[in-house]
Amino acid sequence: MESREQRYNVNLSILFTELPLLDRPAAARAAGFTAVELWWPWLDSPTPPRSELDSLRSAIEDAGVRLGGLNFYAGQLPGPDRGALSVPGEESERFRANIEVAAGLAESLGCGALNALYGNRIEGVDPAEQDVLALENLVLAARAAHRIGAVLLVEALNKVESPRYPLVSAPAAVEVVDRVNEASGLGNARFLMDLYHLSMNGEDLPSVIDLFAAKTGHVQIADNPGRGAPGTGTLPLADHLDHLRKAGYDGWVGLEYKPGDRPSAEAFDWLPREARRTHRAP
């Protein structure tokens, strides 16, 4: 049986960062890609001015690329934060203020996946209290995603680089996905399977794929060690992606890796130019 076409998008928050944000979509298009994804670009503002939202929207539309994934506001990322939704007080409020803004931007660009990073454990706060707050906020985010026909993503990170983040295994993240779906009744929460983070945690990736491909709404890749392009480390990423396809996953694969000491445009030599285009609707 002929395998289905893999659909790649470029994460413009880790690649092409040598360029201003508004120049990155066109740079990705010039490199042959027809889809991109983003962390929340405004680190200090969950509710940026409409003019800035419009400028980003125009840059993506004018470049002729599609937005395949968008993060909700996640605090200082890159930086010390790993999300805001489970952090009591101002950060949780900022996440809530961002929900409709992020969903509106996603809807206007046909983006079908919104990633909600869980947030770090906070010293002096009961983890159970954080988990209650997280579920409340994730249900709000799931409802907003549902209104625009999108899925809500919950991501596992790795405990080496994110020691205070509680979701540092695939089962931990999928447990949250299941809780959100039960609480919302919508069924649109999905696992974000980042093969780099899971490999950093020492997880058995073939087993993770077998167990959780059906609950996966988005995949991201980088090689390990180093979080570089495929082929710079030791992960058999082509095998894992083939395994995912055979397990029924046909969604986006986000390229969320560091370009190394070269311009980002030169960090895609592992992927034939023809394979960078998306020829079919998701």
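Values reported hereafter were calculated over all heavy atoms of this structure, with side chains retained and with hydrogens, waters and symmetry mates removed.
- In terms of heavy-atom proximity, Ala141 sits nearest to Ile99 at N-CD1, 4.0 Å.
- The CD1 atom of Ile122 sits 8.5 Å away from the CD atom of Glu91 when rounded to the nearest 0.5 Å.
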Subject >> Audit row: Asp210, Lys246, salt bridge (Lys or Arg N to Asp or Glu O under 4.0 Å) steps and yes/no >> reply: CA-CA 10 Å; Asp210 286 336; Lys246 290 174 179 174; over 6 Å; no
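- Residue Pro88 comes nearest to Glu129 through the heavy atom pair CG-OE2, 4.1 Å, listed as atom of the first residue, atom of the second, then distance.
- Checked by atom type and distance alone, the side chain of Asn181 pairs as donor or acceptor with a backbone atom of Ala189 at under 3.5 Å.
- Under a 3.5 Å cut-off, the side chain of Ser108 and the backbone N or O of Leu105 do form a donor-acceptor pair.
- Under the 3.5 Å distance criterion, with hydrogens and angles disregarded, no donor-acceptor pair is assigned to the side chains of Glu37 and Trp252.
- Residues Asn71 and Asn115 have side chains that bring a donor and an acceptor to within less than 3.5 angstrom of each other.
- Nearest heavy-atom pair across Ala97 and Thr47 is O-CG2, 3.5 Å.
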Original post:
Is there a side chain to side chain contact (heavy atoms under 4.5 Å, CB included) between Gln220 and Val253 once you walk through the steps?
Top reply: CA-CA 5 Å; Gln220 291 174 330; Val253 175; over 6 Å; no
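- One side chain, Tyr73 or Arg94, offers a donor N or O that lies under 3.5 Å from an acceptor on the other.
- Closest non-hydrogen pair, Val101 versus Pro48, comes out as CG1-CD, 4.3 Å.
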Original post:
When you look at Leu15 and Lys258, which way does the side chain to side chain contact (heavy atoms under 4.5 Å, CB included) test go after all the steps?
Top reply: CA-CA 6 Å; Leu15 285 154; Lys258 300 175 182 178; over 6 Å; no
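- Listed for the Asn11 side chain is no donor-acceptor partner under 3.5 Å among the backbone atoms of Gly254.
- Counting heavy atoms from C-beta on, the side chains of Glu18 and Arg24 never come closer than 4.5 Å.
- For the pair Asn201 (side chain) and Lys159 (backbone), a donor-acceptor distance under 3.5 Å is present.
- Side-chain atoms of Gln6 and Asp250 include no donor-acceptor pair closer than 3.5 Å.
- Side-chain N or O atoms of Glu203 include one that pairs as donor or acceptor with a backbone N or O of Ala170 at under 3.5 Å.
- Contact of the Leu70 side chain with the Trp40 side chain is registered, since non-hydrogen atoms from C-beta on lie closer than 4.5 Å.
- Of all the heavy atoms in Ala247 and Ile209, the pair that sits closest is CB-CG2, 4.1 Å.
- The backbone N or O of Tyr196 lies less than 3.5 Å from no partner atom in the side chain of Arg227, so there is not a single donor-acceptor pair.
- Atom NE2 of His146 has 12 or fewer heavy atoms from other residues, nucleotides or ligands within 6.0 Å.
- A 6.0 Å sphere centred on CZ of Arg50 holds no more than 12 heavy atoms belonging to other residues, nucleotides or ligands.
- Proximity of a side-chain donor or acceptor of Asn188 to a complementary backbone N or O of Ala150 within less than 3.5 Å is detected.
- Applying the side-chain contact (heavy atoms from CB on, under 4.5 Å) test between Pro25 and each of Ile60, Leu38, Val10, Leu19 identifies Ile60 as the sole match.
- Atom CG of Asp81 and atom OG of Ser162 lie 11.0 Å apart (nearest 0.5 Å).
- Residues Leu135 and Val180 form a side-chain contact, since some pair of their non-hydrogen atoms from C-beta on lies under 4.5 Å apart.
- Here the CZ-CG distance, from Phe72 to Leu138, works out to 9.0 Å after rounding to the nearest 0.5 Å.
- Atom CG of Asn9 sits about 5.0 Å away from atom NE2 of His218, to the nearest 0.5 Å.
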**OP:** Check the pair Leu153, Leu114 against side chain to side chain contact (heavy atoms under 4.5 Å, CB included), reporting the backbone distance first and the verdict last.
**Re:** CA-CA 6 Å; Leu153 300 171; Leu114 288 159; over 6 Å; no
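- A donor-acceptor pair under 3.5 Å is formed between the side chain of Asp223 and the backbone N or O of Gly231.
- At distances below 3.5 Å, at least one donor-acceptor pair connects side-chain atoms of Gln130 with backbone N or O atoms of Asn120.
- Rounding to the nearest 0.5 Å places OG of Ser207 at 9.0 Å from CG of Leu205.
- Looking at every heavy atom in both residues, Pro80 comes nearest to Arg164 through O-NH2, 4.2 Å.
- For the pair Glu175 and Pro171, the minimum side-chain heavy-atom distance is 4.5 Å or more.
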Original post:
Does the salt bridge (Lys or Arg N to Asp or Glu O under 4.0 Å) test come out yes or no for Glu161 and Arg82, once each step is laid out?
Top reply: CA-CA 10 Å; Glu161 296 169 324; Arg82 296 292 187 272; over 6 Å; no
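- Proximity of a side-chain donor or acceptor of Ser86 to a complementary backbone N or O of Tyr118 within less than 3.5 Å is detected.
- Interatomic distance, CD of Glu256 versus CD1 of Ile14, reported as 5.5 Å (0.5 Å rounding).
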